[in-house]
Every structure is written in structure tokens, then in C-alpha cells.
Amino acid sequence: MRSDNIKKGIAHTPHRGLLMAAGVSRKGLDLPFIGIASSFTDLIPGHCGMRDLERQIEKGIHTGGGQAFIFGVPAVCDGIAMGHDGMRYSLPSRDLIADCIETVAQGHQLDGLVLLSNCDKITPGMLIAAMRLNIPCIVVTAGPMLEGESRCQKLTMIKGSFEAVGKFRNGEIDQNRLLELEEESCPTIGSCQGMYTANTMACLTEAMGMSLPLCATSAAVSSKKKRIAFESGIQIVNLVKNNIKPSNIIDKETLTNAIICDLSLGGSTNSIMHLLAIANAANIDLKIDDFDKWGNIVHQILKLDPAANPTMTDFHNAGGVPALMKNLIDANIGIKDKNTVSGLSVYDICKNAYVNTELIRSYSNPVTKEPGLGILYGNIAPDGCVTKISGIDQSCYNFEGVAKVYDSEEDAMYALENDLITDGDVVVIRYEGPKGGPGMREMLAPTSLLVGKGLGKTCALITDGRFSGGTRGICIGHVCPEAANGGNIALIQNGDKIKIDIKNRTINVLISNDELESRRLNLKPFEQKCKSGYLSKYARTVQDASHGAIV
């Protein structure tokens, strides 16, 4: 065992003494040392219920014959960090989380890890750490919250709060109704109810075989989630005893399974960046072109909130990730039979899965023949950009409008709040990329305001920042190269015509190359916004979104 490096032999008498001071018994010293990397915090609804799950995991580890150790890692809630400087820290926290887990696991020579996660950047951060360490690991995502309800209206965090702000500003609802929606939209603990980043990454983690079946969709408040946590504790000991590492689970084919699932379920645009970063940590050759390749093949067979009314609860009841994968396997759409941390293969898990085909469509009867996500190229984004096709009305697949350009999210929000954006406008928000932000803030506030104000089908939004998985409408993010690196998005001017063609995956400002180069001569060098602290270090080392925004 790795942990023998700190507990075996005469020379490690002091180490054993310190471990005994922490409560480890003589018998416990002979067991595998299993860390529980917990992202518990009272600050985040997706994480404040983790104390119960920690106990269940710990019980499972001891039942399986291991010695459990809980340690904490940071967690940022994108919903709470949204719309202010705090959002600059969300994406950088992904790499901070990976560093924290690597440090603790290596410093104490842990034999295995249970990674207790839930929200946006925490799950990919933990998977990056798992690939770096390559010791036995299993992920437990803490589960989605239940949907809210008010006046017999089904509510989710996006439609019940973020988009309600736009409706209030537009005069569609009064302040009393706004307060009712605010209070009722998030009724329980858990990650937000739709196919946003947290739940997308939970589903892809399960699809990659790094968590137990139905872990992604089991509600945070359910007893099933507690049982999955307990069983994960037992299983990590088996993984350690059999020396089954993340590299035995995740490879190019596994990541391809995740890409296919992502496109078929209409996941968050953030997932592309995170899968690229996970691949990088594992030294697997995955590129943004791989998403583009499968995007020309895969149809969307599931549509959840925010693009439709069904929620994660409905997805779970319809069969969850095993059901989605079963339909893809039955249609022979590239899903490979890979090992999983459960001890069963993907095909073993999926072959007898229950499928409600009214929600999880058969491949011959898709929601749309378009994928959930798309990679666009053009003179605005020579290195690519990302859109959530599942959130765009088909009538808007070919959109042409006039640019209104803003050098920060705050400037764009001011324009939206003061009715300076009208039908036919293309809102361009730049200098919000990984380097320029710094931190690549999510633009859920402006995109939700556009929808709430009734502009979701008549305006577009383009940014070198990113979007929440809750975004819907004609929204194009992750523009590369970003403005801070001299990308062409920095050269767009007010009044320029912009054409977005979803079918042909193109995005262009309708001016000549000579005009672009003429404007480049007058482009001022970018001056970094953060001069000190973590974000300053992050901005100096981060790569662009098309390479996973890795540092």
C-alpha cells in the first residue's frame, strides 16, 4: 500500500504516533488509508447536505475494510458568485481544487480517494486531481435539488429567479410575485434542477464510469443518494485492493462516450472546456475538433430545463444516464463498452436499464437531429467557439444582426437594464476570457435578462467569457482567441453586421480581412486588470478555452 510509506517500519514510529493522536487504532494502521475529499460548505445548497453523505461514505469505507479520513476542499457556487467580481474566482477554483486534493493525497500517501462533489467547477477539479494522482478514486456527486412550485407553476432556479428578474423589469410581474418566485424556486438542498453545468458534469462523470449507476440523477434529499454514498465507500476499498486506477477507467474511448452523451443530452457549454482539461491531466489527446466531429453525427434525444420543462427529477424517473446510454448503444452511435468503478462494464449497466422513451427519446425519434452543443468557426472565432444548440429556437438558427460592443459584463448589464438593447442587436461582451476577465466569468445574468425581457429570439449575445448551463437563447461563448490575446472579437465595432449560422457552424463579422487588419494596427495592448493575488497568477499562466483553460 502507498500508505506503508508513512506507517511501516521502525523509522516511521513518529508517523504512527501522530496518526494515533488523530485517533487511528493499531488495527486501523493495517488498513488501506482512504481519503474523503469533501467540498462541504454551508454557503452552497448543492453542498450543505454533505455532512450526511460524509458519514455514509465513512461507514462504507469501514464496512469494506478501510480507514477513512475526511479533508476539505474549496467550493464556489456560480449562482451566488454570478454578476460581480466573485465570479472571476469560479473557473480558477477548478485548478485550485485539483491542487488541494493532489497536495493532501501525496503529502499523506493516501491509498485511494472518494471525491465528494456536486457543483460546477468542483466535479471537474476533482477529476483533474484523480487523473494527476492516478490512485484508485470514485466520485460521489451529491445530487440535484427538487423542483419548486408556486401557484401550481413548476419552478427551477433559472426560470424562477434569474429570468423572473427580466420579467419584473419588463413589467410582466409585480414585486410581490417576484418575491414569491424567489422564495419558492429552490425548495431543497442540491444542485440546481436543470441540465446546467453541475448536473451535466455529474452525468458525464457517471457516463465515464467514475461514479456508481444513477449517482448523477438521484436527488440530494433521497435515501437512494445516501445508499449510493455508502456503497461508494465500500467500493473504493475494493478498487484499492484490486489496484484499479482512473487510468484503467478513463481513456480516449471513455471521453468519447462522454462527448456523445453530452451532445445527446444538451449539456452545458462548460463541459467542453472541462473534458479538455481532464484529458490534459491524463495526457489523452482530446481536441475541440473531437466535439465538432461528433457534433455532425449525434442527435439530441433528451431536452431538460432550461431548454424545456422537464427537470433532473424527471430524467431520473425516466431511467437516468443508463437509459440515455442504452438508447445510444441500441442505435450503435459510438458508445464503447468500458470498465467502470462499479465493477460492471457500461454495457452490463445499460442492458437492462428502464427507459421512458417519452422523455429519453429513441435515436430514431430524436428531439432534434442537431446535437445539444455546437462548435462554430469564422473570422470572429478562428480557433472556435461554443454554443448550446439545445437552448436555441430553431427559427433562430440563421441570425444576422448589428453589433453593440461592451468591454465588460457590467457595461452590458447597464445597457440591458436601461433598455439600450433592442430587436436585431448582437450584444458583444469581450475582455471576459480566462486571461482577460481574468477568470472567464459566466454570463447568466445578461442572457437571462435578455430572455426575461422577451429578447431571447430577437437578439444574440457573443462573448469570450462563458455561460452557465442554465443559459438559453442565441448565445455564443468561449470565443477563441480571446480579446486579451488580440483575438478578432477585440476588433468588432458598434454597427458591424454579424452573421451566425448554426446549421453550418459559422460565425462572422461581415467586414473584409483588410478592414480587420487595418483595425488591428490601432488595437491597444491589453493591460492586465489584476496586479496581485491569485487571479494575477492565474491570468499569467492560463491557456485559452479551446485548450480547456488549463494552467
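Heads up: numbering here begins at 1 and tracks the sequence.
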If we count only N and O atoms by modelled type, under 3.5 Å, do the side chains of D111 and S3 hold a donor and an acceptor together? yes
With sequence neighbours left out, write down each residue that passes salt bridge (Lys or Arg N to Asp or Glu O under 4.0 Å) with D30, or none if nothing qualifies. K8
Report yes if some heavy atom in the side chain of N280 is under 4.5 Å from a heavy atom in the side chain of H547; otherwise report no. no
Rounded to the nearest 0.5 angstrom, the CD1-OG1 distance for I249 and T254 is 7.5 Å
Taking it one step at a time, do V341 and I244 satisfy side-chain contact (heavy atoms from CB on, under 4.5 Å)? CA-CA 8 Å; V341 293; I244 297 173; 6.0 Å; no
So which pairs with a foot in residues 278-287 pass salt bridge (Lys or Arg N to Asp or Glu O under 4.0 Å), sequence neighbours left out? D285-K287
N504 side chain to Y377 side chain, donor-acceptor N/O pair below 3.5 angstrom: no
Taking all non-hydrogen atoms of both residues, which atom of K241 and which atom of G64 are closest, and how far apart? NZ-O, 3.5 Å
Enclosure of N365 CG (heavy-atom neighbours >12, cutoff 6.0 Å): yes
Does any N or O in the side chain of D464 come within less than 3.5 Å of the main-chain N or O of G477, such that one atom is a donor and the other an acceptor? no
Mind checking the CH2-CG spacing from W294 to N257? Nearest 0.5 Å is all I need. 9.0 Å
Report yes if some heavy atom in the side chain of D120 is under 4.5 Å from a heavy atom in the side chain of N270; otherwise report no. no
Do any side-chain atoms of residues 213-220 form donor-acceptor pairs under 3.5 angstrom with protein atoms, and if so which ones, sequence neighbours left out?
unit_1	atom_1	unit_2	atom_2	d
T217	OG1	H316	ND1	2.8
S218	OG	L214	O	2.7

List the steps, then state whether side-chain contact (heavy atoms from CB on, under 4.5 Å) holds for M210 with I250. CA-CA 8 Å; M210 286 298 293; I250 295 182; 3.7 Å; yes
Assess whether a salt bridge exists between K59 and E231, defined as any Lys/Arg side-chain N lying under 4.0 Å from an Asp/Glu carboxylate O. no
Would you say that I36 contacts I61 through its side chain, given a criterion of any heavy-atom pair below 4.5 Å between the two side chains? yes
Between T311 and E147, is there a side-chain donor-acceptor contact under 3.5 Å, judged purely by atom types and distance? yes
If we ignore angles and hydrogens, is there a donor and acceptor under 3.5 Å between the side chains of T141 and N118? no
Work out which heavy atom in M195 is nearest to a heavy atom in G267; give both atom names and the distance. CG-CA, 3.9 Å
Do the side chain of R505 and the main chain of I502 share a donor and acceptor less than 3.5 angstrom apart? yes
Could you check, using the six-membered ring where one of them is a Trp, whether H108 and F33 have ring centers closer than 6.0 angstrom? no
Could you verify whether a donor N or O on one side chain and an acceptor N or O on the other, from S39 and H47, lie under 3.5 Å apart? yes
Sequence-distant partners of R51, salt bridge (Lys or Arg N to Asp or Glu O under 4.0 Å), two or more places apart: E54
Residues, nucleotides or ligands: over 12 heavy atoms within 6.0 Å of K503 NZ: no
Between the side chain of S90 and the main-chain N/O of M87, is any donor-acceptor distance below 3.5 Å? no
Would you say E482's side chain and K435's backbone share a donor-acceptor pair under 3.5 angstrom? yes
Please report the closest heavy-atom contact between C385 and V479, naming both atoms and the distance. CB-CA, 3.8 Å
Please evaluate residues S362 and N327 with respect to the criterion side chain to side chain donor-acceptor pair (under 3.5 Å), reporting the C-alpha separation (whole Å), side-chain torsions for both, the decisive distance (0.1 Å), and the verdict. CA-CA 6 Å; S362 65; N327 280 5; 6.0 Å; no
Heavy-atom closest contact (P434 atom, A545 atom, distance): CG-N, 4.2 Å
Taking N5 for the side chain and R2 for the main chain, is one N or O donor matched with an acceptor at less than 3.5 Å? yes
Would you give the length of the straight line joining atom CZ of R361 to atom CG of L324, rounded to the nearest 0.5 angstrom? 13.5 Å
Got a sec, which residues hit salt bridge (Lys or Arg N to Asp or Glu O under 4.0 Å) with E442, two or more places apart in sequence or on another chain? K121, R466
Any side-chain heavy atom of Q193 within less than 4.5 Å of one from M157? yes
Between K338 and E253, is there a side-chain N and carboxylate O pair less than 4.0 Å apart? yes
Evaluate the side-chain contact (heavy atoms from CB on, under 4.5 Å) criterion for residues K293 and I259: first the C-alpha distance (whole Å), next the side-chain angles of each, then the deciding distance (0.1 Å), finally the verdict. CA-CA 10 Å; K293 167 192 166 184; I259 290 172; over 6 Å; no
Test item: D290 side-chain N/O and L286 main-chain N/O as donor-acceptor pair under 3.5 Å: no
Student check: side-chain heavy atoms of E432 and M440 closer than 4.5 Å: no
Can you name the nearest heavy-atom pair linking T506 to L376, along with the distance? O-CD2, 3.7 Å
Less than 4.5 Å apart, side chain to side chain, heavy atoms only: is that true for L116 and F40? no
How about S93 and P74: do any of their side-chain heavy atoms sit closer than 4.5 Å? no
Sidechain N-carboxylate O distance under 4.0 Å for D99, R132: yes
Hey, does D52 have a side-chain heavy atom less than 4.5 Å from the side chain of K226? yes
Verdict with reasoning, V346 to K336, per side-chain contact (heavy atoms from CB on, under 4.5 Å): CA-CA 8 Å; V346 168; K336 302 297 184 183; over 6 Å; no
Keeping N339 on the side-chain end and S345 on the backbone end, is there a donor-acceptor pair under 3.5 Å? no
Can you name the closest pair of heavy atoms from S264 and C261 and give their distance? OG-O, 2.9 Å
Salt bridge (Lys or Arg N to Asp or Glu O under 4.0 Å) pairs touching residues 311-332, sequence neighbours excluded, are K154-D314, K326-D330
Roughly how far, to the nearest 0.5 Å, is OG of S117 from CD1 of I122? 5.5 Å
To the closest 0.5 Å, what do you measure between CG (L265) and OG1 (T200)? 6.5 Å
In this structure, CG of L359 is separated from NZ of K303 (nearest 0.5 Å) by 12.5 Å
Tell me whether the rings of H15 and H12 are parallel (<30°), tilted (30 to 60°) or perpendicular (>60°). perpendicular
Considering residues, nucleotides and ligands other than Y89, do more than 12 of their heavy atoms fall under 6.0 Å from its OH? no
